[in-house]
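Below is one structure, written out as structure tokens; the observations come after it.
The analysis underlying the following values was restricted to heavy atoms, covering all of them including side chains, and did not include hydrogens, waters or symmetry mates. The sequence lines fix the lettering, A, B, ..., with proteins before strands; numbering per chain opens at 1. None of the values given here were measured: they were computed from a predicted structure.
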Amino acid sequence: MSEFQPKIVAFVCNWCTYAGADLTGTSRIKYSPNVRIVRFPCTGRIDYMLLTKAFASGADGIIVSGCHPNDCHYTSGNFYARRRWIVFKKLCDFMGIDTRRIVFSWVSAAEGSKWADIVNTTNEEIIKLGPYDSYHKLSTQDILE
Amino acid sequence: MEIINKILDKSSLTVLVEKLNASGKEVYAPVNKKGITEFEKVANLQEMDFDCIATKQSAKSLVFPKVEKLMNFEKTFDDVIVKNVDITAFPEVIAFGTRPCDAAGFIPLDAIFTTDNVDEIFKARMDKLTIISISCKKADDFCFCTSVNGGPGNTSGSDILLTEMSPNEYYAEIITEKGKSILDANAALFKDSAVVDKTPLVAKIEQQFTEEVINEKLKTLFESDIWDTQAMRCVGCGACAFVCPACGCFDIQDETKGKDGVRHRCWDSCGFKLFTLHTSGHNPREKQAQRWRQRIYHKFSYQPEQQKQFGCVGCGRCSRACPSDMNIAEHLTQIAKG
Amino acid sequence: MEEIKKIARELLAENKVQVVLGFEKGTANKVRPAFFTKAEDIDKLIYNEACIHNIALYLKKDTCQHAKGVAITATPNVVRSILQLSAENQITEEKIHIIGITHEGKCAGILDFKAAEEFSKTQPKGLKPEDKALIEKIQAMSLEERFDYWVEAFSPCIKCYACRASCPMCYCGKCNVETNNPQWIPVASHKYGNVEWHMMRAMHLAGRCINCGECNRSCPVDIPLNILSYMLSDFVLDEFDSEAGLNSVFTSALSAYTVVDKENFIK
Amino acid sequence: MARIGVFICHCGENISATVDCPKVSEVAAKFPGVAYSVDYKYMCSDPGQSLVVNAIKEHKLTGIVVSACSPRMHEPTFRRACAEAGLNPYLCEMANIREHCSWVHEKGDRTDQKAIDVVRMMVEKVKRNNALMSIKVPVTKTALVIGGGVAGIQAALDIANAGHKVVMVEREPSIGGHMSQLSETFPTLDCSQCILTPRMVEVAQNPNITLYTYAEVESVEGFVGNFNVKIRKKAKSIDETLCNGCGMCTTKCPQKKIPNEFELGMGNRPAIYVPFPQAVPNVPVIDRLNCTYYKNGKCKICEKFCQPKAIRFDQEDEIIEVAVGAISICTGFDVKKTDFFPEYGYGKHKDIIDGLQFERMASASGPTLGAIRRPSDGAEPKKIVFVACAGSRDPAKGIEYCSKICCMYTAKHAILYKHKVHDGTAYIFYMDIRAAGKNYDEFTRRAIEEDNAQYIRGRVSSIYERDGKLIVIGTDTLMNHETVEIEADMVVLATAGVANQGAEELAQKLHVSYDQHRFFSEAHPKLKPVETNTAGIYLAGACQSPKDIPESVAAASGVAGKISCLFSSSELTREPLIAFVDRIAAPDYSSCTGCFLCQPVCPYNAIEKEDIKDRAGNLIKSLAYINPGLCQGCGTCVAICKSKSIDIDGYTNQQMYSEVDALLNS
């Protein structure tokens, strides 16, 4: 327990990745318990500000996942989301926010094992990177002393 | 207290700053960083920018920072535990190299925070602040202190006022007890002096109007369309209020992280639409012109009425900072003449 | 210059417009935005290389909103802003008479939106070499250095919102920073509040910023925040072949997509 | 003050074997705002549900969190329980501690902690849930069918026979579509008109169907259950109520040399005409572009001979407004013409025809009365070449897709040819034979084996004329890529099926999406093949992609089924989890600035413009308005809105923000 256990938040869409994670469960595939899933109707709904909010609130890693292109329950939400991520990622990179800690993925409702895989590899990657101290410090220094 | 007149040479001044630092006081002075001069903590006089007419921002943040913690709190299951800020832990601060207008700015600011109800945090900071100003040798097109009862060698607000007599010699007026305690602690650095006429030593700033005339005129101008014409180019930012030494408006904000939280006092400005916006969507000051009018009335009508103190010291910072060149002195002159 | 004045005078005299938006002499050597409502006042109208304020901003303000017709002396940046405002349904063509001024300061006559689109395409953008150099400098930094750079760069911010107030594209009646419940962006101008605020603003301007640099010019504490949007504008152009301020009808890179958008970062 | 109830389910041992349920319940009881917390063996069982119902009543709960399986499993169950207890069903949230926790993690503190965190997250969310009411939308039980081809006919008849009103709009003077042009149909070779005509008549006679021919959809407004449609009924110059279809006018018309569209230019028609003898309705129209009277102001011979006095030269287009609840698009397809192919002579060789022209030629009622004849000289072609995939599956021509019907109709053409020209030889150049379908492969085999069609696997690179013959140069990829040269009398190109003319324009009127080939897009390629993204608008037939007759008919019946379901109740109940734009007091009315950057991202075209006007009718502000009848609740507009003026119930900004906050800041 003494070793670093990262906090990972997953923002997922209801129709593909949430269902995919359900399938991981029904298939009894094990993965790291460090991830917490937040359900959205569609990746198009995911506000990039929630990502920075998650980091500010203490997340060490973030997974954003939804339907594969052309599979969106609402046809195109994931396409708009993808474009937003492209821009957001660029801005984060430019501002020195560690985008290695944000994993974007497509996990369909049939990809239970892919979900477990995404969580586990993200978990390992974040353990390697360590806690996201610089952002946590930035966001808390004026609240907690 | 009666003003004590002294002379300080430049090397003594250098020593004074070092000694003040050594005595555990925090010394703030104008420092030019990347082309912008602001009050910064200094260890010695070499860091100071003597040439600056006025820093971009005023010195008010020494007692009224842009963000100030008022208290910490912790939520429990059914209660909130409040931890007040320890006001005794505030450091002794020296504002060094302030201009007479900066020093004068603390008077209306103090009035805002202590009239009727004393703001303990502000007062504690104010009590621990000593102001050592330097008279102005230069002025620019934005300076108008002489129109608002101030002047380039005015002593009000300062604890000590220094006036450059020659490149190596400063005339020092010890104005308050706080000033005297510095003199007493460093008596060896000061030489006795007679009263010096500062007029030839300081900048000439033409008087454009008087506060009293403005005050009088405002009695009938509330519904005038002058506010519309003046505010037309105002973009509605808060730069003027934030750089103003006498603006004291603030907003209270709670920020939390889990069960822990903090209450902040943050600068706010009457120029913002949000300043008066009601939850319903109604806004008593809907138009920028009304907000501009409020700014002028507050400084030249309400404050003199309620706090016996005008809210403007003529430093001209608001006009320098304005992205659309709103020039308050010009606008006031227009009012005075109108 | 005389040509600009002549056009402005005629428009007012013929009552085609009630306001001419331009510049007049300001404090000392400064110039300032000005509103001319009478033909005889046009003598005071000036244009010189100091007139860099993006006065397209005022098209959304009361004075212009209430007028039936508005003329505006428009440098390339202003023209781009006007087109983008039109693309975002904020202004209508019937009302606006653009008196075009080229980047060399020559009068380009009255431009309708179609002509303005052509005009915009031929005029160079406002990106200065030092901005480009700064972007490159930041890009060459390590991740940690970049983060520290920006935290430090934003730390003097006093949240006076002059950047927002001077930006023609920041026309929201209620800015995101003013929404509470939830309070997305801390109101306080501490380091965290500043980073979040400027990041949000850059994101909102991505694909919409016309690169006039007004945010930087108006900033009283001189934060180079324009380069955030510059960098994103360049990126959006490269990535999505989309550029703000060239088109008077709807364009926005982030309200669109193509199926072939970059995918290589998605697992 | 919130009073939240937390119900931790053991799910037998499914959860409790891994997660310490009593501990989670105990910790949850201490969360701010939690008034009641309990764990139980099976929450979804009857006693479990009673536990929930009783707790809501007894503890006056203002919201509940059921911590159990996936909400995709039992959310409806517990929402019902809430409703039973008198609590708004939308004040219920589920914390997934089975699929997302106990089944995927090992027993231990970290797993318990995750369960606790997830419960805390949902407690914070449910505190911010809004009590919502299902959205009721009234339904006008009339369907609009656009297009009177076989798909439209089938859809209209099925809907009408289910007892609902149908309005059918057909652009041409007669219904029937492409099927009425066909000779025989594969794979049974029954006569196309013989099976279609009775159905056309049925449409005309069905009291539930109102038929508008020579008419087009002008505009469509509204949303599911409530569309207002304007139909432009083009002037036929005939009073339909008086015309008895005697045909005297068409016989007497002096203009006789107008290329007949129905015969694809292979025959002529007069200026006043019915497209084909079995037309429904059997009412002629005057082609004003070619009519002598309209051209020169003199003639009116038809009027003279018309006994019932039905000719109306001054008739004008008429706009008819109808209110409908659902729309079926059945506008069909078109085929590329021979002039699309430079390598085949740009259509300048008369003896190169397209498949549809061959159909007319093979039809007993066609221009040659069913005889196969060279258009150039009327000779019987002894060698005929059929080119399959003419244009289809050819990215260079911009048509990457397979037109699907060509393999089958080309085989049919070869068979029909052989039946009519016994000593002739049919060659078929093909890429692959795609004969998937009931009795389809047997049919192509029949063409090869019984009717001796010469299939050559390869493409035709060029066709040119030499001494009155068409020289077809192709390759045989099964014979070492040898060049094949055939001296043919006639060539039939199975040209690509493409979207119908005007499809794009219609899609824009209806606010439905279309693909890069201008075919209408279905809502989901697998699960919603006959729906469009716009609720209440459906697709049948070849307007979606090339389809054969059985597929078109099946889709049409599918649409009819969908529309009948929609019409089964006079109100449509929809989940209220939809987006909305905020409204505040004057003078702002909303924080929405009317930039409409949200409009293009809505897949359902649910975002409309709402004009705020003063009492004098002057426009104050234009705002975005989200039509609750159309919004499906994806929330893409919420994330795109810069001023946060749009929010979405069920996933509001407050809810999502609090979830994240609660998750991390324990």
Discussion item. I'd like to verify something: which residue of C:P33, C:G26, C:C175, C:G173 has the highest number of heavy-atom pairs under 4.5 Å with chain B?
Written reply: C:P33

Discussion item. If you compare all heavy atoms of C:S189 against all heavy atoms of B:V67, which two are closest, and at what distance to 0.1 Å?
Written reply: N-CG2, 3.2 Å

Response to the item:
Ranked by heavy-atom pairs below 4.5 Å to chain B, first place among C:C163, C:P220, C:A28 goes to C:P220

Practice prompt. Against chain B, label C:T27 side chain, backbone, both or neither, depending on which of its atoms sit under 4.5 Å from a heavy atom there.
Written response: both

Item to complete: Flag the one option from B:E38, B:K287, B:Q57 with the top tally of heavy-atom pairs under 4.5 Å to chain C.
Response: B:Q57

Practice prompt. Report, as yes or no, whether the 6.0 Å neighbourhood of atom NZ on C:K95 holds more than 12 heavy atoms from other residues, nucleotides or ligands.
Written response: yes

Item to complete: Determine yes or no for a side-chain-to-main-chain donor-acceptor pair under 3.5 angstrom, with C:R217 supplying the side chain and B:P323 the backbone.
Response: yes

Practice prompt. With a 4.5 angstrom heavy-atom cut-off, could you sort out which part of B:C237 is near chain C: side chain, backbone, both or neither?
Written response: both

Discussion item. If we define contacts as heavy-atom pairs under 4.5 Å, which of C:A34, C:P186, C:S166, C:A165 has the most with chain B?
Written reply: C:A165

Worksheet entry | For C:K30, the option from B:N327, B:D325, B:D141 that meets side-chain contact (heavy atoms from CB on, under 4.5 Å) | B:D325

Fill in: Choice from B:R265, B:E68, B:K56, B:Q288 maximising heavy atom contacts with chain C below 4.5 Å
B:K56

Worksheet item: Given that the side chain runs from C-beta out, which part of C:H53 has a heavy atom under 4.5 Å from chain B: side chain, backbone, both or neither?
Response: side chain

Fill in: Top contributor to chain B interface from C:E214, C:K159, C:Q183 [non-hydrogen pairs under 4.5 Å]
C:K159

Worksheet entry | Portion of C:V221 that has a non-hydrogen atom of chain B nearer than 4.5 angstrom | both

Worksheet item: Under 6.0 Å from the CD atom of C:E130, do we count more than 12 heavy atoms belonging to anything else shown?
Response: yes

Practice prompt. For C:E178 and B:K273, run side-chain contact (heavy atoms from CB on, under 4.5 Å): C-alpha distance rounded to whole Å, both residues' side-chain angles, the deciding distance at 0.1 Å, then the answer.
Written response: CA-CA 10 Å; C:E178 287 161 357; B:K273 180 183 175 185; over 6 Å; no

Worksheet entry | Which atoms of C:D222 approach chain B - backbone, side chain, both or neither, heavy atom under 4.5 Å | both

Item to complete: Using a cut-off of 6.0 Å, state whether more than 12 heavy atoms not belonging to B:D86 lie near its atom CG.
Response: yes

Worksheet, complete the sentence: If one checks every heavy atom of B:K66 against chain C at 4.5 Å, the contacting part turns out to be both

Discussion item. Take a 6.0 Å sphere around CD of C:E40 and say whether it holds more than 12 heavy atoms from other residues, nucleotides or ligands.
Written reply: yes

Worksheet entry | Contact origin within B:D140 toward chain C - heavy atom pairs under 4.5 Å | neither

Worksheet item: Under a 4.5 Å heavy-atom cut-off, does chain B meet the side chain of C:C64, its backbone, both or neither?
Response: neither

Practice prompt. With a 4.5 angstrom heavy-atom cut-off, could you sort out which part of B:R320 is near chain C: side chain, backbone, both or neither?
Written response: backbone

Practice prompt. Could you tell me which portion of B:S324 (side chain, backbone, both or neither) has an atom closer than 4.5 angstrom to a non-hydrogen atom of chain C?
Written response: both

Response to the item:
Greatest number of non-hydrogen atom pairs under 4.5 angstrom with chain C, of B:K34, B:E255, B:M326, falls to B:E255

Worksheet entry | Under 4.5 Å from any heavy atom of chain B - which part of C:I158 | both

Worksheet item: Heavy-atom distance under 4.5 Å to chain B: side chain of C:Y58, backbone, both or neither?
Response: side chain

Item to complete: Assess whether atom NZ of B:K204 is packed by more than 12 heavy atoms of other residues, nucleotides or ligands within 6.0 Å.
Response: yes

Discussion item. Nearest 0.5 Å, please: how far is CZ in B:R233 from NZ in C:K61?
Written reply: 13.5 Å

Worksheet item: Looking at NE2 of C:H190 and NZ of B:K69, how far apart are the two atoms once the value is rounded to the nearest 0.5 Å?
Response: 10.5 Å

Worksheet entry | Contact class of B:S319 relative to chain C, heavy atoms under 4.5 angstrom | backbone

Discussion item. Measuring from atom CG of C:N180 to atom CG of B:D254, what distance do you get when rounded to the nearest 0.5 angstrom?
Written reply: 12.0 Å

